[in-house]
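To start, the structure under review is shown below, and the notes come after it.
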Amino acid sequence: AKERGRGCYEVFDITMRDRAVAMLHLETDLRKAIINQEFQLHYQPIVALHNNQITGFEALVRWQHPDKGLIPPIEFIGVAEETGLILPLGIWVLQEACTQMRAWHEEFPSDPPLSVSVNVSGKQFAQVDLVDKIRQILVETSFDPHCLKLEITESTIVEDLASAKAKLIQLQELGIQVSIDDFGTGYSSLSYLSRFPINFLKIDRSFIQDIDTSSERLEIIRAIVSLADSLKIDVVAEGVETASQLAQLCSLQPTSGQEHFAQGYLFSKPLNRDAAKSLIASGRDC
Ligand code: C2E
Ligand code: CA
Ligand code: CA
Ligand code: CA
(Lines give C-alpha, C1' and ligand atoms only; values in the text may rest on other atoms or scores of the structure.)
(Ligands and ions follow the chains in the order given, each with its own letter.)
Protein backbone atom coordinates (compact mmCIF):
# COMPACT_ATOMS: atom_id res chain seq x y z
CA ALA A 1 0.00 0.00 0.00
CA LYS A 2 2.85 2.26 0.92
CA GLU A 3 4.51 1.68 -2.38
CA ARG A 4 1.36 2.27 -4.35
CA GLY A 5 0.87 5.48 -2.40
CA ARG A 6 4.34 6.67 -3.23
CA GLY A 7 3.83 5.63 -6.84
CA CYS A 8 0.71 7.76 -7.01
CA TYR A 9 2.55 10.75 -5.70
CA GLU A 10 5.27 10.23 -8.24
CA VAL A 11 2.78 10.05 -11.09
CA PHE A 12 1.14 13.19 -9.78
CA ASP A 13 4.51 14.93 -9.42
CA ILE A 14 5.61 13.94 -12.90
CA THR A 15 2.36 15.23 -14.38
CA MET A 16 2.78 18.48 -12.50
CA ARG A 17 6.40 18.74 -13.56
CA ASP A 18 5.56 17.99 -17.19
CA ARG A 19 2.93 20.67 -17.16
CA ALA A 20 5.32 23.19 -15.63
CA VAL A 21 7.99 22.31 -18.18
CA ALA A 22 5.48 22.60 -21.02
CA MET A 23 4.42 26.01 -19.72
CA LEU A 24 8.04 27.16 -19.55
CA HIS A 25 8.63 26.02 -23.13
CA LEU A 26 5.50 27.79 -24.23
CA GLU A 27 6.56 30.98 -22.48
CA THR A 28 10.05 30.84 -24.03
CA ASP A 29 8.55 30.16 -27.46
CA LEU A 30 6.07 33.01 -27.03
CA ARG A 31 8.86 35.46 -26.18
CA LYS A 32 10.71 34.45 -29.33
CA ALA A 33 7.51 34.61 -31.35
CA ILE A 34 6.96 38.22 -30.35
CA ILE A 35 10.50 39.17 -31.34
CA ASN A 36 10.32 37.19 -34.59
CA GLN A 37 6.81 38.43 -35.41
CA GLU A 38 5.32 34.98 -35.80
CA PHE A 39 1.74 36.17 -35.28
CA GLN A 40 -0.89 36.90 -37.87
CA LEU A 41 -4.44 38.16 -37.78
CA HIS A 42 -7.44 36.46 -39.29
CA TYR A 43 -10.59 38.44 -39.98
CA GLN A 44 -14.19 37.37 -39.48
CA PRO A 45 -16.97 39.44 -41.08
CA ILE A 46 -19.66 41.07 -38.95
CA VAL A 47 -22.93 41.38 -40.85
CA ALA A 48 -25.79 43.88 -40.40
CA LEU A 49 -29.03 41.91 -40.30
CA HIS A 50 -31.23 44.60 -41.86
CA ASN A 51 -29.39 44.57 -45.20
CA ASN A 52 -27.06 41.53 -45.04
CA GLN A 53 -24.04 43.75 -45.58
CA ILE A 54 -20.61 43.34 -44.00
CA THR A 55 -20.02 46.27 -41.65
CA GLY A 56 -16.60 45.23 -40.45
CA PHE A 57 -14.34 42.43 -39.29
CA GLU A 58 -13.21 41.04 -35.95
CA ALA A 59 -9.44 40.59 -35.88
CA LEU A 60 -8.45 37.24 -34.34
CA VAL A 61 -4.83 36.41 -33.61
CA ARG A 62 -3.08 33.18 -34.66
CA TRP A 63 0.47 32.04 -34.07
CA GLN A 64 2.41 30.70 -37.04
CA HIS A 65 4.79 28.48 -35.06
CA PRO A 66 7.95 27.46 -36.96
CA ASP A 67 7.52 23.75 -36.08
CA LYS A 68 3.95 23.36 -34.91
CA GLY A 69 2.09 25.25 -37.61
CA LEU A 70 -0.85 27.57 -37.03
CA ILE A 71 -1.78 27.67 -33.34
CA PRO A 72 -5.21 28.97 -32.25
CA PRO A 73 -5.42 31.63 -29.51
CA ILE A 74 -7.00 29.28 -26.97
CA GLU A 75 -3.61 27.56 -26.72
CA PHE A 76 -1.54 30.65 -25.89
CA ILE A 77 -3.65 33.65 -24.80
CA GLY A 78 -3.92 32.29 -21.24
CA VAL A 79 -0.15 31.93 -20.83
CA ALA A 80 0.37 35.28 -22.54
CA GLU A 81 -1.92 36.83 -19.92
CA GLU A 82 -0.19 35.10 -16.99
CA THR A 83 3.27 36.13 -18.13
CA GLY A 84 2.41 39.66 -19.17
CA LEU A 85 3.39 38.86 -22.77
CA ILE A 86 -0.18 39.79 -23.70
CA LEU A 87 0.93 43.44 -23.41
CA PRO A 88 3.42 43.51 -26.31
CA LEU A 89 1.22 41.03 -28.21
CA GLY A 90 -1.84 43.21 -27.68
CA ILE A 91 0.01 46.26 -28.97
CA TRP A 92 1.08 44.33 -32.05
CA VAL A 93 -2.51 43.20 -32.69
CA LEU A 94 -3.76 46.79 -32.49
CA GLN A 95 -1.02 48.09 -34.78
CA GLU A 96 -1.54 45.32 -37.32
CA ALA A 97 -5.36 45.60 -37.31
CA CYS A 98 -5.26 49.39 -37.82
CA THR A 99 -2.53 49.21 -40.48
CA GLN A 100 -4.36 46.48 -42.42
CA MET A 101 -7.80 48.09 -42.28
CA ARG A 102 -6.31 51.47 -43.24
CA ALA A 103 -4.79 49.82 -46.35
CA TRP A 104 -8.15 48.22 -47.23
CA HIS A 105 -9.89 51.58 -46.79
CA GLU A 106 -7.52 53.07 -49.35
CA GLU A 107 -7.84 50.21 -51.79
CA PHE A 108 -11.59 49.59 -51.42
CA PRO A 109 -13.27 52.82 -50.29
CA SER A 110 -16.85 52.40 -49.10
CA ASP A 111 -19.45 54.41 -47.24
CA PRO A 112 -19.59 53.87 -44.36
CA PRO A 113 -16.04 52.54 -44.15
CA LEU A 114 -15.45 49.04 -42.77
CA SER A 115 -14.65 48.80 -39.07
CA VAL A 116 -12.16 46.53 -37.33
CA SER A 117 -12.85 45.02 -33.89
CA VAL A 118 -9.90 44.18 -31.66
CA ASN A 119 -9.98 42.01 -28.53
CA VAL A 120 -8.42 43.66 -25.49
CA SER A 121 -7.52 41.42 -22.55
CA GLY A 122 -8.20 42.36 -18.95
CA LYS A 123 -4.55 42.90 -18.15
CA GLN A 124 -4.12 45.09 -21.21
CA PHE A 125 -7.18 47.17 -20.40
CA ALA A 126 -5.92 47.66 -16.82
CA GLN A 127 -2.73 49.39 -18.01
CA VAL A 128 -2.75 53.03 -16.95
CA ASP A 129 -1.36 54.13 -20.31
CA LEU A 130 -3.86 52.11 -22.38
CA VAL A 131 -5.58 55.14 -23.89
CA ASP A 132 -2.28 56.93 -24.62
CA LYS A 133 -0.93 53.83 -26.36
CA ILE A 134 -4.04 53.50 -28.50
CA ARG A 135 -4.00 57.19 -29.37
CA GLN A 136 -0.37 56.82 -30.44
CA ILE A 137 -1.16 53.78 -32.62
CA LEU A 138 -4.01 55.66 -34.32
CA VAL A 139 -1.64 58.52 -35.14
CA GLU A 140 1.16 56.22 -36.35
CA THR A 141 -1.17 54.25 -38.60
CA SER A 142 -3.32 57.30 -39.52
CA PHE A 143 -6.38 55.18 -38.83
CA ASP A 144 -9.81 56.74 -38.30
CA PRO A 145 -10.74 56.10 -34.62
CA HIS A 146 -14.42 55.87 -35.62
CA CYS A 147 -13.58 52.63 -37.44
CA LEU A 148 -11.94 51.00 -34.42
CA LYS A 149 -13.94 48.88 -32.00
CA LEU A 150 -12.50 47.38 -28.84
CA GLU A 151 -13.94 44.16 -27.42
CA ILE A 152 -13.69 43.73 -23.66
CA THR A 153 -15.41 41.27 -21.36
CA GLU A 154 -17.69 42.06 -18.46
CA SER A 155 -15.11 40.85 -15.95
CA THR A 156 -12.60 43.39 -17.29
CA ILE A 157 -15.04 46.15 -16.41
CA VAL A 158 -16.34 44.73 -13.16
CA GLU A 159 -12.83 44.15 -11.80
CA ASP A 160 -12.17 47.86 -11.69
CA LEU A 161 -15.34 49.84 -12.14
CA ALA A 162 -13.96 53.28 -11.35
CA SER A 163 -10.94 53.31 -13.65
CA ALA A 164 -12.78 51.34 -16.34
CA LYS A 165 -15.39 54.08 -16.53
CA ALA A 166 -12.75 56.79 -16.90
CA LYS A 167 -11.03 54.84 -19.69
CA LEU A 168 -14.26 54.14 -21.53
CA ILE A 169 -15.10 57.84 -21.46
CA GLN A 170 -11.64 58.73 -22.83
CA LEU A 171 -11.95 56.11 -25.57
CA GLN A 172 -15.37 57.45 -26.51
CA GLU A 173 -13.95 60.97 -26.69
CA LEU A 174 -11.43 59.67 -29.22
CA GLY A 175 -14.31 58.27 -31.29
CA ILE A 176 -13.54 54.62 -30.53
CA GLN A 177 -16.47 52.27 -29.93
CA VAL A 178 -16.59 49.58 -27.29
CA SER A 179 -18.26 46.15 -27.33
CA ILE A 180 -18.93 43.91 -24.37
CA ASP A 181 -17.68 40.50 -25.53
CA ASP A 182 -19.17 37.13 -24.53
CA PHE A 183 -22.15 38.90 -22.96
CA GLY A 184 -24.14 36.69 -20.61
CA THR A 185 -21.34 34.31 -19.64
CA GLY A 186 -19.75 36.18 -16.78
CA TYR A 187 -21.56 36.98 -13.61
CA SER A 188 -22.83 40.28 -14.76
CA SER A 189 -23.46 43.45 -12.93
CA LEU A 190 -25.92 44.98 -15.35
CA SER A 191 -25.81 48.36 -13.68
CA TYR A 192 -22.64 49.42 -15.49
CA LEU A 193 -24.43 49.12 -18.82
CA SER A 194 -26.57 52.17 -18.22
CA ARG A 195 -23.79 54.24 -16.64
CA PHE A 196 -20.88 53.53 -18.97
CA PRO A 197 -20.48 54.46 -22.61
CA ILE A 198 -20.89 51.08 -24.31
CA ASN A 199 -21.86 50.71 -27.96
CA PHE A 200 -22.34 46.98 -28.54
CA LEU A 201 -23.28 43.84 -26.66
CA LYS A 202 -21.97 40.67 -28.23
CA ILE A 203 -24.27 37.86 -27.12
CA ASP A 204 -22.15 34.80 -26.44
CA ARG A 205 -22.29 31.83 -28.80
CA SER A 206 -23.51 29.57 -26.00
CA PHE A 207 -26.83 31.47 -26.05
CA ILE A 208 -27.13 31.51 -29.82
CA GLN A 209 -26.36 27.78 -30.11
CA ASP A 210 -29.80 26.55 -29.09
CA ILE A 211 -31.87 29.62 -29.81
CA ASP A 212 -33.90 27.57 -32.30
CA THR A 213 -34.45 24.54 -30.06
CA SER A 214 -34.90 26.01 -26.59
CA SER A 215 -37.69 28.48 -25.94
CA GLU A 216 -35.98 29.44 -22.67
CA ARG A 217 -32.83 30.44 -24.55
CA LEU A 218 -34.88 32.43 -27.00
CA GLU A 219 -36.56 34.28 -24.12
CA ILE A 220 -33.18 35.08 -22.55
CA ILE A 221 -31.97 36.52 -25.82
CA ARG A 222 -35.23 38.42 -26.23
CA ALA A 223 -34.64 39.94 -22.79
CA ILE A 224 -31.02 40.87 -23.60
CA VAL A 225 -32.12 42.46 -26.88
CA SER A 226 -34.85 44.47 -25.22
CA LEU A 227 -32.49 45.60 -22.46
CA ALA A 228 -29.92 46.66 -25.07
CA ASP A 229 -32.56 48.44 -27.13
CA SER A 230 -33.78 50.43 -24.16
CA LEU A 231 -30.18 51.45 -23.34
CA LYS A 232 -29.54 52.33 -27.01
CA ILE A 233 -26.86 49.65 -27.32
CA ASP A 234 -26.54 47.65 -30.54
CA VAL A 235 -26.50 43.86 -30.39
CA VAL A 236 -24.16 41.44 -32.14
CA ALA A 237 -25.03 37.73 -32.10
CA GLU A 238 -21.88 35.59 -31.92
CA GLY A 239 -21.39 32.15 -33.41
CA VAL A 240 -24.40 32.00 -35.74
CA GLU A 241 -23.98 28.68 -37.53
CA THR A 242 -27.35 27.77 -39.05
CA ALA A 243 -30.09 29.40 -41.11
CA SER A 244 -32.58 28.40 -38.43
CA GLN A 245 -30.61 30.28 -35.73
CA LEU A 246 -30.51 33.29 -38.02
CA ALA A 247 -34.26 33.11 -38.62
CA GLN A 248 -34.93 33.17 -34.87
CA LEU A 249 -32.59 36.13 -34.47
CA CYS A 250 -34.31 38.01 -37.26
CA SER A 251 -37.64 37.46 -35.53
CA LEU A 252 -36.39 39.59 -32.63
CA GLN A 253 -36.83 42.94 -34.28
CA PRO A 254 -35.07 45.87 -32.65
CA THR A 255 -37.66 48.15 -31.11
CA SER A 256 -36.09 51.58 -30.91
CA GLY A 257 -33.86 52.15 -33.88
CA GLN A 258 -31.03 49.96 -32.59
CA GLU A 259 -29.19 47.80 -35.09
CA HIS A 260 -28.68 44.05 -34.99
CA PHE A 261 -25.57 42.35 -36.26
CA ALA A 262 -24.41 38.76 -36.51
CA GLN A 263 -21.16 36.91 -36.84
CA GLY A 264 -20.54 33.22 -37.33
CA TYR A 265 -19.67 30.31 -39.58
CA LEU A 266 -23.02 30.69 -41.40
CA PHE A 267 -21.63 33.86 -42.95
CA SER A 268 -17.92 33.10 -42.86
CA LYS A 269 -15.19 31.57 -40.76
CA PRO A 270 -12.31 33.87 -39.80
CA LEU A 271 -10.29 34.43 -43.00
CA ASN A 272 -6.59 34.95 -43.50
CA ARG A 273 -5.52 38.32 -44.87
CA ASP A 274 -5.64 37.34 -48.53
CA ALA A 275 -9.04 35.67 -48.27
CA ALA A 276 -10.45 38.65 -46.34
CA LYS A 277 -9.11 40.96 -49.01
CA SER A 278 -10.79 38.93 -51.77
CA LEU A 279 -14.06 39.06 -49.87
CA ILE A 280 -13.84 42.86 -49.53
CA ALA A 281 -12.90 43.21 -53.18
CA SER A 282 -15.99 41.23 -54.20
CA GLY A 283 -18.34 43.67 -52.44
CA ARG A 284 -20.05 43.87 -49.06
CA ASP A 285 -23.07 41.66 -49.64
CA CYS A 286 -22.90 38.55 -47.56
P1 C2E B 1 -13.89 35.62 -29.04
O2 C2E B 1 -13.42 37.01 -28.92
O3 C2E B 1 -15.21 35.28 -28.42
O4 C2E B 1 -13.87 35.31 -30.60
C5 C2E B 1 -14.82 34.51 -31.25
C6 C2E B 1 -14.32 33.09 -31.41
O7 C2E B 1 -15.38 32.28 -31.88
C8 C2E B 1 -13.21 32.97 -32.44
O9 C2E B 1 -12.35 31.90 -32.06
C10 C2E B 1 -13.99 32.56 -33.69
O11 C2E B 1 -13.21 31.86 -34.63
C12 C2E B 1 -15.04 31.66 -33.09
N13 C2E B 1 -16.23 31.61 -33.91
C14 C2E B 1 -16.77 32.56 -34.70
N15 C2E B 1 -17.91 32.15 -35.28
C16 C2E B 1 -18.12 30.89 -34.85
C17 C2E B 1 -19.15 29.91 -35.11
O18 C2E B 1 -20.12 30.13 -35.85
N19 C2E B 1 -19.03 28.71 -34.46
C20 C2E B 1 -17.98 28.44 -33.63
N21 C2E B 1 -17.94 27.24 -33.05
N22 C2E B 1 -17.00 29.34 -33.36
C23 C2E B 1 -17.07 30.54 -33.97
P24 C2E B 1 -10.77 32.08 -32.04
O25 C2E B 1 -10.31 32.89 -33.20
O26 C2E B 1 -10.18 30.72 -31.84
O27 C2E B 1 -10.53 32.96 -30.74
C28 C2E B 1 -10.81 32.45 -29.47
C29 C2E B 1 -10.68 33.51 -28.41
O30 C2E B 1 -9.32 33.95 -28.28
C31 C2E B 1 -11.45 34.79 -28.73
O32 C2E B 1 -12.81 34.59 -28.41
C33 C2E B 1 -10.76 35.76 -27.81
O34 C2E B 1 -11.23 35.64 -26.49
C35 C2E B 1 -9.32 35.28 -27.87
N36 C2E B 1 -8.58 36.11 -28.83
C37 C2E B 1 -8.48 35.99 -30.18
N38 C2E B 1 -7.70 36.96 -30.69
C39 C2E B 1 -7.30 37.73 -29.65
C40 C2E B 1 -6.47 38.90 -29.52
O41 C2E B 1 -5.95 39.47 -30.50
N42 C2E B 1 -6.29 39.41 -28.27
C43 C2E B 1 -6.87 38.82 -27.17
N44 C2E B 1 -6.66 39.38 -25.96
N45 C2E B 1 -7.65 37.73 -27.25
C46 C2E B 1 -7.87 37.19 -28.48
CA1 CA C 1 -14.19 38.96 -29.38
CA1 CA D 1 -16.89 36.65 -28.08
CA1 CA E 1 -16.10 33.62 -26.77
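Start at 1 and go down the list; that is how both ligands and their atoms are numbered. Basis for what follows: all heavy atoms, side chains included, without hydrogens, waters or symmetry-related copies. The structure displayed is predicted, hence computed values, not measured ones.
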Ligand-side contact atoms (ligand 1) for residue partner [X], heavy atom cut-off under 4.0 Å:
X	result
Q44	14 (C), 15 (N)
E238	3 (O)
D182	3 (O)
P270	11 (O)

query = Is it the side chain (CB and beyond), the backbone, both or neither of V118 that lies under 4.0 Å from ligand 1, heavy atoms counted?
reply =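 Near ligand 1, V118 shows nothing, with every heavy atom at 4.0 Å or more.
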key: ligand 1 versus N119: contacting region, heavy-atom distance under 4.0 Å   =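 The answer is both.
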Residue [X] excluded, over 12 heavy atoms near [atom1] under 6.0 Å:
X	atom1	result
K277	NZ	no
R273	CZ	no
E219	CD	yes

Taking all non-hydrogen atoms of both residues into account, name the closest pair between [X] and [Y] and its distance.
X	Y	result
R135	D132	NH1-OD1, 2.9 Å
L227	L190	CD2-CD2, 4.1 Å
L114	F57	CD1-CE1, 4.0 Å
I280	F108	CG2-CD1, 3.6 Å

Nearest heavy atom to [atom]: which of [options] does it belong to?
atom	options	value
atom 17 (C) of ligand 1	F125, Y265, W92	Y265
atom 19 (N) of ligand 1	E241, H42, K202	E241
atom 35 (C) of ligand 1	P73, A59, S121	P73

key: Q40 and H42 side chains, donor-acceptor separation under 3.5 Å   =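 Yes, because at least one side-chain N or O of H42 sits under 3.5 Å from a partner of the opposite role on Q40.
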request  = Compute whether any side-chain donor of one residue and acceptor of the other, for S163 and D160, lie under 3.5 angstrom apart.
outcome  =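 S163 vs D160: donor-acceptor pair found between side chains.
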Are any of the N/O atoms in [X] less than 3.5 Å from those in ligand 1?
X	result
E151	no
E58	yes
Q124	no
P72	no

Does ligand 1 have any atom sitting under 4.0 Å from a heavy atom of [X]?
X	answer
E81	no
R205	yes
I74	no

query = Among D181, I224, D182, L231, whose side-chain contact (heavy atoms from CB on, under 4.5 Å) with L201 holds?
reply =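 Only one of D181, I224, D182, L231 forms a side-chain contact (heavy atoms from CB on, under 4.5 Å) with L201, namely I224.
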key: Residue and atom, protein N/O/S, under 3.0 Å of the Ca ion (ligand 2)   =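 Counting only protein N, O or S atoms under 3.0 Å from the Ca ion (ligand 2), the list reads E58 OE2, N119 OD1, E151 OE1, D181 OD2.
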ask   = Salt bridge between E75 and K68, side-chain N to carboxylate O under 4.0 Å?
value =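 Looking at E75 and K68, the cut-off is not met.
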request  = Measure the acute angle between the ring planes of F76 and F39, then classify it against the limits of 30° and 60° as parallel, tilted or perpendicular.
outcome  =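 The arrangement is tilted - the two ring planes meet at 30° to 60°.
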Close side-chain approach of I77 and V61, heavy atoms under 4.5 Å =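 Yes, close enough: below the 4.5 Å cut-off.
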